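The structure presented is a predicted model; accordingly, all values stated were derived computationally and were not measured. For ligands, and for the atoms within them, numbers begin at 1 and follow the listed sequence.
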Amino acid sequence: MAQDRSESLNPLEASRQPDEDLVARLPTREGWSTPLTLYDNCWLRSHMVSKFMLVRDDFKPRRDDIILATHPKSGTTWLKSLAFTISSRSRCTFADHPLLTSNPQRVVPFIGVPGTGGDLDHLDTLPSPRLLSTHLPLTLLPPTVSTVGCRVVYLCREPKDAFVSRWHFDNKIGTGAPISLEDAFDMFCQGCSPFGPFWDHHLQYWNESLARPQEVMFLRYEEIVSDPLKVVRNLACFLGVPFTEEEEKSGLAEQIVRFCSFDSLRNLDANKAGGGVERAGGKIFLEASSLFRKGKVGDWVNHMSKDMGEKMDLLVKDKFKGSGLEF
Ligand code: A3P
């Protein structure tokens, strides 16, 4: 299975080769479980940069695509489960549901991540309407994503919780020395974390959602936690498959919330420890269970000092000032 799947899996060689010399000249930093390289103002896992460089030119968005765009550790796994279950409900019953045997990351391919069914050639062969996902910022996707009419669901999370989740996750998947909380914090606050700076990522999609509210839905992890039923209903409408009166009467929306809940998914064999380990680009090791840690809002207080919390809050206030986006 895969996660930050952009941080991910078995690299098949892309058919077109980007300029490797250019990649080698880009700024690179060590510290997280793999080195990161700054490409077009976004820190990417260095071993994935050349794959992601192809996306802007080679990925062909379709008008009826639905793209789940997330900043990593914001609940990608959850959003994939919900969106997949909602949109596939006419084809799958809960008794033979693909999520019973596959990690949620697998059922919605990442754009530009070879080996998760996300390589670009494979995406071209998928029937419409496609349900796809990405951690890439809008600026690294083709501009036609904004003009062709496809829909985007964006998910972010309160930055302190997202940071704590990132720190745990990186230390779980890495094969070298773990990164200390303090070093991880400094890098995260400098914007240097996978797909960071997080503020640019959030703001790009936030502004897009203001400009195209019919086509870009902006979600936060915390709002799904506080009212999952409302989000599931809104998501169904946004995806163009609202619940019918009969479905509502039968409690289908509630069933989907339960089926995709943290406890329900975490307890499936496919998502338990030993339920699958994959080598990601030969650099990191992903175990399905590492995608399900605590699933709580406010867990940062158990790891970060008060000072760190205040520092991050100030940073967030400053970066989002005037945007209308608040955490
Ligand atoms: P924690 O590390 O805080 O527990 P992503 O899928 O983007 O990598 O995000 C992972 C975070 O989402 C983890 O947060 C994980 O526990 C949480 N998560 C995964 N599945 C979830 C679910 N069904 N409900 C709520 N949280 C979930």
Participant: Can you confirm if the NZ or CZ of Arg220 lies within 45° of the ring axis of Phe327 and under 6.0 Å from the centre of its six-membered ring?
Facilitator: yes
Participant: Can you check which of Ser165, Pro104, Ala162 brings a heavy atom nearest to atom 13 (C) of ligand 1?
Facilitator: Ser165
Participant: Quick check on contacts: which atoms of ligand 1 are under 4.0 angstrom from a heavy atom of Cys260?
Facilitator: 23 (N)
Participant: Heavy-atom contact under 4.0 Å between Leu291 and ligand 1?
Facilitator: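 Judged by the 4.0 Å heavy-atom criterion, Leu291 does count as contacting ligand 1.
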Participant: Indicate, with yes or no, if Met187 and Leu314 share a hydrophobic cluster defined by side-chain heavy-atom contacts under 4.5 Å among Ile, Leu, Val, Met, Phe, Trp and Tyr.
Facilitator: no
Participant: Within the structure provided, determine whether Ile66 and Arg151 are in side-chain contact (heavy-atom separation under 4.5 Å).
Facilitator: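 Yes; the side chains approach each other to less than 4.5 Å.
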Participant: Side chain, backbone, both or neither: which applies to Arg157 and ligand 1 if a contact is any heavy-atom pair less than 4.0 Å apart?
Facilitator: side chain
Participant: Relative to each other, are the rings of His135 and Phe110 parallel, tilted or perpendicular (30° and 60° limits)?
Facilitator: tilted
Participant: Could you state whether Phe163 and Phe320 fall into the same hydrophobic cluster, counting links through intermediate Ile, Leu, Val, Met, Phe, Trp or Tyr residues with side-chain heavy atoms under 4.5 angstrom apart?
Facilitator: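 Shared cluster, yes.
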Participant: For ligand 1 and His71, I'd like to know whether there is a polar contact (N/O to N/O, distance under 3.5 Å).
Facilitator: no
Participant: Give the numbers and elements of all ligand 1 atoms closer than 4.0 Å to a heavy atom of Ser261.
Facilitator: 23 (N)
Participant: Below 4.0 Å from ligand 1: does a non-hydrogen atom of Lys73 turn up there or not?
Facilitator: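 So Lys73 counts as touching ligand 1.
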Participant: Say whether Pro72, considering both its backbone and side-chain N or O atoms, lies within less than 3.5 Å of an N or O atom on ligand 1.
Facilitator: no
Participant: As an exercise, identify every atom of ligand 1 less than 4.0 angstrom from a heavy atom of Phe292.
Facilitator: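 Answer, ordered by atom number: 16 (O), 19 (C), 20 (N).
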Participant: First locate atom CZ of Arg56, then atom CG of Leu140, and finally report the distance between them rounded to the nearest 0.5 Å.
Facilitator: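 Going from CZ on Arg56 over to CG on Leu140, the span is 5.5 Å.
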Participant: Tell me whether Thr77 has any N or O atom under 3.5 angstrom from an N or O of ligand 1.
Facilitator: yes
Participant: Under the side-chain contact (heavy atoms from CB on, under 4.5 Å) rule, collect the residues that match up with Gln255, sequence neighbours excluded.
Facilitator: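 Listed in chain order: Phe94, Leu252, Arg258.
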Participant: Quick one: do the Tyr154 and His201 side chains pair a donor with an acceptor below 3.5 Å?
Facilitator: yes
Participant: If you measure from each non-hydrogen atom of Ser81 to ligand 1, which part falls under 4.0 Å: side chain, backbone, both or neither?
Facilitator: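 No part of Ser81 is near ligand 1 at this cut-off.
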Participant: Without swapping roles, check the side chain of Arg89 against the backbone of Ile86 for a donor-acceptor pair under 3.5 Å.
Facilitator: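 Flag set: sc Arg89 to bb Ile86 pair under 3.5 Å.
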Participant: Going by the atom numbers of ligand 1, which of them fall below 4.0 Å from some non-hydrogen atom of Lys294?
Facilitator: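 What qualifies from ligand 1 is 4 (O), 16 (O).
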Participant: Ser46 versus Thr34: any side-chain heavy-atom pair under 4.5 Å?
Facilitator: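 Result no, sub-4.5 Å side-chain heavy-atom pair not found.
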Participant: Closer than 4.0 Å to some heavy atom of Gly295 - which atoms of ligand 1 meet that?
Facilitator: 1 (P), 4 (O), 16 (O), 26 (N)
Participant: Between Phe169 and ligand 1, find which residue part has any heavy-atom pair under 4.0 Å and reply side chain, backbone, both or neither.
Facilitator: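 Within the 4.0 Å criterion, Phe169 makes no contact with ligand 1.
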Participant: Report yes if some N/O of Ser74 lies less than 3.5 Å from some N/O of ligand 1; otherwise report no.
Facilitator: yes
